[in-house]
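Positions are given from 1, in the same order as the sequence printed here. Start at 1 and go down the list; that is how both ligands and their atoms are numbered.
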Amino acid sequence: MNKSMTQQYYKEINRLKKERNAIILAHYYQRPEVQDIADYVGDSFGLAQKAAESDADVIVFCGVHFMAESAAILAPSKKVLLPEEGAGCPMADMADAEDLVKLKKRNPDAVVVSYVNTTAAVKAESDYCCTSSNAVKIFNMIEVDKDIIFVPDKNLGDYAAKQANREVILWPGYCNTHDAVLAEDIIEIKNKYPDAKVVAHPECRPEVLEISDYVGSTAKMIRFISETDYKQYIVVTEMGLLHPLRKDNPEKELILASKKLVCPNMKLTTLSKLVKSLEDLTPVIKVDEETAKKARVALERMLKVI
Ligand code: 13P
Ligand code: SF4
């Protein structure tokens, strides 16, 4: 898109935002031009926090469905919009509430921790929610004699279980985007850039995390790269993160580990859909009150663990 068209969209978005008393929240995996017009860009944890404390009437969520659902649960009096209703998370769809209930029945004393990348119905069946930024801390809070069920990301679950030194019952879910990166891909790019530090998201495979220099949520990856002084970094997460990283670190070379690191759902939100959403105040994301009430308990526990 050319610059003048982008500026036209921005003008319209700013006008509508004022008129609607709206706030725009965007995940780091969004398109650069969407990140640049957002009031706040962040990781899943930061975005849930912002939604919970916002005093706007309308929250426009530039992200995927489970994020907007969490915002609707945490801010029940606000109108939450997801500009592209079809923007889902394939990993969240790998966990079904009915199957989780069956697993709970087989493990009646287990504590259920669900990744925020889940449906509201799965959250409603969980004791705690977590994001990739506080999963280890939440495992550490649970009494050592209790079993833990972690749903749905087997990679994050395995990583957090090893860090917390806990046995965890893992759901067989994964993120298509992060799980596609193989250890061979990292070895190949490391051969090309032998001095680069490898910075990875915990949704990657265990064998990728084992050969990485730093593992953390998107916000933690940003912090690590900004606060350390190496010349080159190999970034192993969705390509959208390169936008804030390159803006904040113009002197550092930031290399995407693999071309496979694209989440198609995160790219569905465009400036024109954002304008339409603010104009029509649709699509609204709603969660039925009974589910929301139960899911809110798990989400509010998540927000307390920083
Ligand atoms: P974080 O931003 O919490 O690291 O999450 C990554 C992700 O895959 C969101 O869908
Ligand atoms: Fe889901 Fe992975 Fe896309 Fe995040 S990057 S929304 S976990 S598919």
Side-chain angles (χ1 to χ4, degrees), residues 25-31 34-35 38 40-51 61-71 82-95 113-119 122-123 129-138 150-157 159-160 171-181 199-205 208-209 212 214-225 235-245 256-269 285 299 302-303 305-306:
L25 305 182
H27 190 268
Y28 289 125
Y29 297 163
Q30 290 289 297
R31 292 167 182 268
V34 172
Q35 292 191 35
Y40 177 80
V41 186
D43 68 351
S44 309
F45 187 88
L47 291 166
Q49 224 175 14
K50 284 282 171 209
F61 219 113
C62 300
V64 289
H65 195 269
F66 75 82
M67 295 178 172
E69 236 184 19
S70 299
L82 182 68
E84 166 53 62
E85 208 172 11
C89 168
M91 170 158 69
D93 296 338
M94 289 177 192
V113 182
S114 64
Y115 193 18
V116 72
N117 299 43
T118 42
T119 61
V122 166
K123 289 183 178 82
C129 253
C130 72
T131 71
S132 55
S133 73
N134 64 4
V136 179
K137 281 191 185 161
I138 288 182
F150 185 71
V151 55
D153 187 357
K154 61 176 180 173
N155 292 339
L156 171 63
Y159 171 75
W171 197 269
Y174 56 89
C175 162
N176 294 309
T177 304
H178 289 85
D179 194 72
V181 180
V199 183
H201 194 278
E203 287 175 14
C204 294
R205 291 174 179 229
V208 167
L209 301 180
S212 297
Y214 180 81
V215 177
S217 72
T218 49
K220 287 188 177 174
M221 291 171 78
I222 291 185
R223 208 173 313 142
F224 175 79
I225 292 172
V235 178
V236 203
T237 195
E238 211 277 343
M239 60 171 293
L241 196 73
L242 288 178
H243 180 61
L245 281 174
L256 188 67
S258 161
K259 284 191 182 127
K260 293 180 270 191
L261 284 162
V262 183
C263 173
N265 283 282
M266 282 285 186
K267 304 300 182 230
L268 290 174
T269 307
I285 302 301
L299 273 170
M302 171 189 96
L303 287 178
V305 184
I306 299 173

Pairwise side-chain contact, [X] with [Y], heavy-atom cut-off 4.5 Å (strictly under):
X      : Y      : result
Leu303 : Phe45  : yes
Leu156 : Asn117 : no
Asn176 : Tyr174 : yes
Pro244 : Val41  : no

Treating [X] as the side-chain partner and [Y] as the backbone partner, does any N or O pair qualify as donor plus acceptor under 3.5 Å?
X      : Y      : value
Asp43  : Ser217 : no
Trp171 : Gly157 : no
Thr177 : Leu261 : no
Lys123 : Val116 : yes

Ligand-side contact atoms (ligand 1) for residue partner [X], heavy atom cut-off under 4.0 Å:
X      : result
Met67  : 9 (C), 10 (O)
Ser217 : 4 (O)
Ser132 : 1 (P), 3 (O), 4 (O)
Glu203 : 6 (C), 7 (C), 8 (O)

Checklist entry - Backbone or side chain, does any N or O of Asp43 fall under 3.5 Å from an N or O of ligand 1? => result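 No, there is no polar N/O contact under 3.5 Å.
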Item to check | Nitrogen or oxygen of Thr131 less than 3.5 angstrom from that of ligand 1 | outcome: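 Not met; the criterion fails.
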Checklist entry - Taking Glu238 as the fixed residue, which of His201, Lys267, Gln30, His178 is the one that meets the side chain to side chain donor-acceptor pair (under 3.5 Å) rule? => result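 Only match with Glu238 under side chain to side chain donor-acceptor pair (under 3.5 Å): Lys267.
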Next on the checklist: I'd like to verify the contacts: list protein N, O or S atoms under a distance of 2.8 Å from atom 3 (Fe) of ligand 2.
Outcome noted: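 Sorted hits: Cys263 SG.
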Please state whether [X] comes within less than 4.0 angstrom of ligand 1, counting heavy atoms only.
X     : value
His27 : yes
Tyr29 : yes
Cys89 : no

Would you name the heavy atoms of [X] and [Y] that are closest together and state the gap between them?
X      : Y      : answer
Cys204 : Asn155 : O-CB, 3.2 Å
Gly88  : Val64  : O-CG1, 3.4 Å
Ile138 : Met302 : CD1-CA, 4.3 Å

When you measure from [atom] to every protein heavy atom, which one gives the shortest distance, and what is it?
atom                    : result
atom 4 (O) of ligand 1  : His201 NE2, 2.7 Å
atom 5 (O) of ligand 1  : Ser44 OG, 3.3 Å
atom 10 (O) of ligand 1 : Asn117 ND2, 3.3 Å

Checklist entry - When you measure from atom 7 (S) of ligand 2 to each heavy atom in Asp153, Val116, Asp93, Asn117, which option holds the nearest one? => result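 Comparing heavy atoms across Asp153, Val116, Asp93, Asn117, the nearest one to atom 7 (S) of ligand 2 lies in Asn117.
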